[in-house]
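Have a look at the structure below before the remarks.
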Amino acid sequence: ALVYYEEIRAALARDDGSEVPANALLLAKAAQQAAAGSSDTRAELQALGATAEKLGAISNSDMRSLRGAFGEVSRAVVSLIVADESLANDRYIFRCPMASGYKKWVQTSAELENPYMGSRMLHCGANTRWAP
């Protein structure tokens, strides 16, 4: 599921919403399937699936709404990783003080690429701690 999340994050950092809804629906499906087989992180995976479904329903041309909904998906991803610390391996968490709504996101690269600001402020933010 987190592979789709990273695809969404990278696309938003590039100001490209074209594949975000499709990847969000794939993320929702993967999270729901994982929730069915997990007892330890079922609630977190269900929350991730629900927020990803909402993201998937947004028009790919509405970058502002995509980024806002991505914040809620990020909140669910951070909660999932806090619940299962093994998922933090090879992932980095950042926080943008200028973002509206939820300000954190997770990415697989140590080089900050802000999905909330995109090309306007790609490097705005700082590494932060793993906490919801």
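Each residue takes its place number in the sequence, starting with 1.
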Note: Ala76 and Thr51 closest approach over all heavy atoms is CB-OG1, 3.9 Å

Is there a donor-acceptor contact under 3.5 Å from the side chain of Arg42 to the main chain of Ala35? yes

Please examine the side chains of Ile8 and Val73, heavy atoms only from C-beta on, and report whether any two atoms are closer than 4.5 Å. no

Is the count of non-hydrogen atoms from other residues, nucleotides or ligands lying under 6.0 Å from Glu72 atom CD greater than 12? yes

Going by heavy atoms in the side chains, are Leu45 and Gln32 under 4.5 Å from each other? no

Out of curiosity, does Val77 fall in the hydrophobic cluster containing Leu25 (side-chain heavy atoms, cut-off under 4.5 Å, transitive links)? no

So which atom in Ala69 and which in Ile58 form the shortest heavy-atom distance, rounded to 0.1 Å? CB-CD1, 3.4 Å

Does a side-chain heavy-atom distance below 4.5 Å link Asp40 with Asp84? no

Ser79 side-chain N/O to Arg75 backbone N/O, donor-acceptor pair under 3.5 Å: yes

What do you reckon, is NZ of Lys29 surrounded by more than 12 foreign heavy atoms closer than 6.0 Å? no

Write down the atom of Asn114, the atom of Cys124, and the distance for their closest heavy-atom approach. ND2-O, 2.8 Å

For Ser18 and Asn60, what are the C-alpha separation, side-chain angles and deciding distance, and is it a side chain to side chain donor-acceptor pair (under 3.5 Å)? CA-CA 5 Å; Ser18 64; Asn60 64 4; 5.8 Å; no

Quick one: does any side-chain atom of Lys54 pair with a main-chain N or O of Gly49 as donor and acceptor, under 3.5 Å? no

If you measure from OG on Ser109 to CG on Asp90, what distance do you get to the nearest 0.5 Å? 11.5 Å

Is it possible for you to say whether Val78 and Tyr4 belong to one hydrophobic cluster, with membership spreading through side-chain heavy-atom contacts below 4.5 Å? yes

For residues Asp15 and Gly118, report the shortest heavy-atom separation together with the two atoms involved. OD1-CA, 3.3 Å

Short side-chain to backbone donor-acceptor contact, Arg9 and Tyr5, under 3.5 Å: no

Quick one: pull up CZ in Arg95 and OH in Tyr116 and give me the separation to the nearest 0.5 Å. 10.5 Å

Any donor-acceptor pair under 3.5 Å linking the side chain of Thr41 with the backbone of Glu44? no

For Gln107 against Glu111, the heavy-atom pair lying closest together: NE2-O, 2.6 Å

Apply the test salt bridge (Lys or Arg N to Asp or Glu O under 4.0 Å) to residues Asp62 and Arg67: give CA-CA distance (whole Å), side-chain angles for both, the deciding distance (0.1 Å), then the verdict. CA-CA 9 Å; Asp62 186 352; Arg67 286 184 165 121; over 6 Å; no

Do you reckon Phe94 sits in the same ILVMFWY cluster as Leu2, going by side-chain contacts under 4.5 Å, direct or chained? yes

Distance check, rounded to the nearest 0.5 Å: Leu80 atom CG versus Ser74 atom OG? 12.0 Å

Pairwise distance NZ(Lys103) to SG(Cys96) - rounded to 0.5 angstrom: 7.0 Å

For the side chain of Arg91 and the backbone of Leu87, is there at least one donor-acceptor N/O pair under 3.5 Å apart? yes

Donor-acceptor contact below 3.5 Å, side chain Asn23 vs main chain Val20: no

Pair Phe70 + Tyr102: ring centers closer than 6.0 Å: no

Please give me the minimum heavy-atom distance between Leu112 and His123, naming the atom from each residue. O-ND1, 3.0 Å

Taking it one step at a time, do Ile81 and Trp130 satisfy side chain to side chain contact (heavy atoms under 4.5 Å, CB included)? CA-CA 8 Å; Ile81 293 173; Trp130 289 102; 3.4 Å; yes

Out of the candidates Glu113, Arg14, Met117, only one should pair with Leu122 under the side chain to side chain contact (heavy atoms under 4.5 Å, CB included) rule; please name it. Glu113

